[in-house]
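First up is the structure itself, then whatever we jot down about it.
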Amino acid sequence: MIIDSHAHVMQPLAKELAWMDEAGMDKTVLFTTTIHPETATNLDELSGEIEKLYAMLDGTRNPVEERIKSIEKLTKIVKDHPDRFVGFGSIPQGLSYEENGKWLDNYIIKNGLRGVGELTPGSGEVGKLESLFQAAEDAGRLPLWVHAFLPLTWRDIKELLELARHYASVPLILGHLGGLHWLETLKAVRDLPSVYLDLSAVYTTMAPSFAVKEYPERTLFASDAPFTSPLAARNLLESCIEDAYMREGVLGGNIAKLLNL
C-alpha cells in the first residue's frame, strides 16, 4: 500500500484526489489547514496565503475558531472517503495539560482522528509542548507531528528531542527531517526509537537517502501537498531508495504500522 503520510486539505477536494490517483496513492494521512495556497492565481494571492502561514509559524496567529472549523471539514472528508483518507487534527498552542486533554478528547479522539498536527511552535516555544506530550500520553499515546523546519533552530529541535526522550511512549513525527539541520537530526535520533522522520520538503536529496539507510523503519514518505505534488515527492524519494524492501516500508508500510492502518 502506498501512503502519503502528510498532506493538507486542498480546495477543491477533487484536485487532491486527482493528485493522489496520478501518483498511485492508495491512502493519504490528511492534515487540517487554515490556508490554501493552491487556490492562488497570481503572486499577490500566493503571498497573502504564505503570510498567513508565516504568522502561524512564528506564533502570532493561533486561530481557535478557524481550527475547529478546519477539523470539522477534515472529519467530514475522512468519513466521506474512509478508503482514501485518515486524519490528523490541529490544536491551539499554549494550552494547559487539562485544556489539552479536553481538546484531544473533544476534537481528536471523538472525531476518529489518528494523531495531532501539524504543530508549529515558534523558536524558543518548544518547551510549551510538554503539557501536550503529557496529555497525548494519557490519551492513548497519540502521535504528535511537529514542524521542524524554519523558524526552529537546532537548539529548538534538540529541546524537542529531549521531550521525545522523556515521553518515549508518545510517537513523535519530526517534520521535514529537521530542515536545514537534517544531518544533526539524523545523528541525534539514533537512540530515540519513538521518533519518526517525515521526508517532505527536504533540504537536499542527500538527506532522505541517508535517512532511509540509517532508519528504514522510521522514515515516512510525505508530500506536504499542496506545497509539493504527491507524484513529484514520490519520484524524488524512489530515486533515493534502491532497496525494494526499504522502499516498500518508507512508501507506506511504516506509517501503516504506526497508525494501525
Side-chain angles (χ1 to χ4, degrees), residues 6 8 31-35 37 47 49-67 70 88-104 107-108 115-139 142-192 194-204 207 211 222 224 227:
H6 175 217
H8 296 274
F31 288 60
T32 56
T33 186
T34 58
I35 67 168
S47 294
E49 293 299 312
I50 298 301
E51 285 173 8
K52 296 177 187 177
L53 172 63
Y54 289 158
M56 294 182 68
L57 293 177
D58 66 20
T60 59
R61 186 168 181 263
N62 191 22
V64 174
E65 291 303 320
E66 286 186 47
R67 289 185 187 275
S70 67
F88 268 44
S90 63
I91 190 170
Q93 298 179 116
L95 300 182
S96 67
Y97 166 78
E98 292 78 12
E99 290 169 332
N100 277 313
K102 290 179 181 178
W103 185 281
L104 294 180
Y107 297 108
I108 306 298
V116 184
E118 176 171 358
L119 298 166
T120 57
S123 183
E125 301 292 320
V126 168
K128 294 182 179 180
L129 292 178
E130 182 165 11
S131 62
L132 178 56
F133 271 84
Q134 293 172 331
E137 183 176 55
D138 293 342
L142 286 169
L144 303 179
W145 199 108
V146 181
H147 174 94
F149 216 122
L150 295 172
L152 295 195
T153 65
W154 175 233
R155 178 180 295 182
D156 296 317
I157 294 173
K158 286 194 293 183
E159 187 175 2
L160 181 58
L161 294 179
E162 282 304 308
L163 286 174
R165 186 183 305 279
H166 188 73
Y167 298 94
S169 67
V170 177
L172 169 65
I173 303 175
L174 199 64
H176 315 308
L177 196 54
L180 302 179
H181 307 289
W182 63 270
L183 182 56
E184 297 95 329
T185 297
L186 289 181
K187 292 188 289 185
V189 301
R190 280 178 177 149
D191 62 341
L192 295 173
S194 65
V195 176
Y196 293 77
L197 302 171
D198 164 272
L199 300 180
S200 66
V202 290
Y203 179 64
T204 167
D224 196 18
F227 296 96

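Between Lys187 and Glu184, none of the side-chain N atoms (NZ, or NE/NH1/NH2) sits under 4.0 Å from a carboxylate O, so this pair counts as no salt bridge. Ion pair Lys102/Glu99 not flagged as a salt bridge, since none of the NZ, NE, NH1 or NH2 atoms sits closer than 4.0 Å to an Asp/Glu carboxylate oxygen.
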Mind running side chain to side chain contact (heavy atoms under 4.5 Å, CB included) on Gln134 and Tyr167 for me, showing each step along the way? CA-CA 7 Å; Gln134 293 172 331; Tyr167 298 94; 3.1 Å; yes
For a side chain to side chain contact (heavy atoms under 4.5 Å, CB included) check, start with the C-alpha distance between Arg165 and Leu192, then their side-chain angles and the critical distance, and finish with the verdict. CA-CA 6 Å; Arg165 186 183 305 279; Leu192 295 173; 3.7 Å; yes
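For Trp145 and His8, the gap between ring centers reaches or exceeds 6.0 Å.
Between the side chain of Asp138 and the backbone N or O of Ala135 there is no donor-acceptor pair closer than 3.5 Å. Side-chain atoms of Asp198 come within 3.5 Å of backbone atoms of His176 as a donor-acceptor pair (strictly under, hydrogens ignored).
Between Ile173 atom CD1 and Phe88 atom CZ the span is 4.5 Å, to the nearest 0.5 Å. Note that the CG atom of Leu160 and the CG atom of Leu129 stand 7.0 Å from one another [nearest 0.5 Å].
Of all non-hydrogen atoms in Ile108 and Ser90, the two that sit nearest each other are CD1-O, 4.1 Å. Counting all heavy atoms, side chain and backbone alike, Ser194 lies closest to Ala168 at CB-O, 3.2 Å. Residues Asp156 and Pro151 approach most closely at OD2-O, 4.2 Å, considering heavy atoms. Nearest heavy atoms, Phe133 versus Val170: O-CG2, 3.8 Å.
For the pairing with Leu172, the side chain to side chain contact (heavy atoms under 4.5 Å, CB included) check across Leu163, Leu119, Val195 returns one residue only, Val195.
Residues Tyr97 and Glu130 bring no donor and acceptor atom of their side chains to less than 3.5 Å of each other. No side-chain donor from either of Thr120 and His147 sits under 3.5 Å from a side-chain acceptor of the other.
Between Leu132 and Leu95 the shortest side-chain heavy-atom distance does not fall below 4.5 Å. Proximity of Pro92 to Trp103: side-chain heavy atoms (C-beta onward) are separated by under 4.5 Å at one or more points. Taking the side chain as every heavy atom from C-beta outward, Ile91 and Tyr107 never approach each other to under 4.5 Å.
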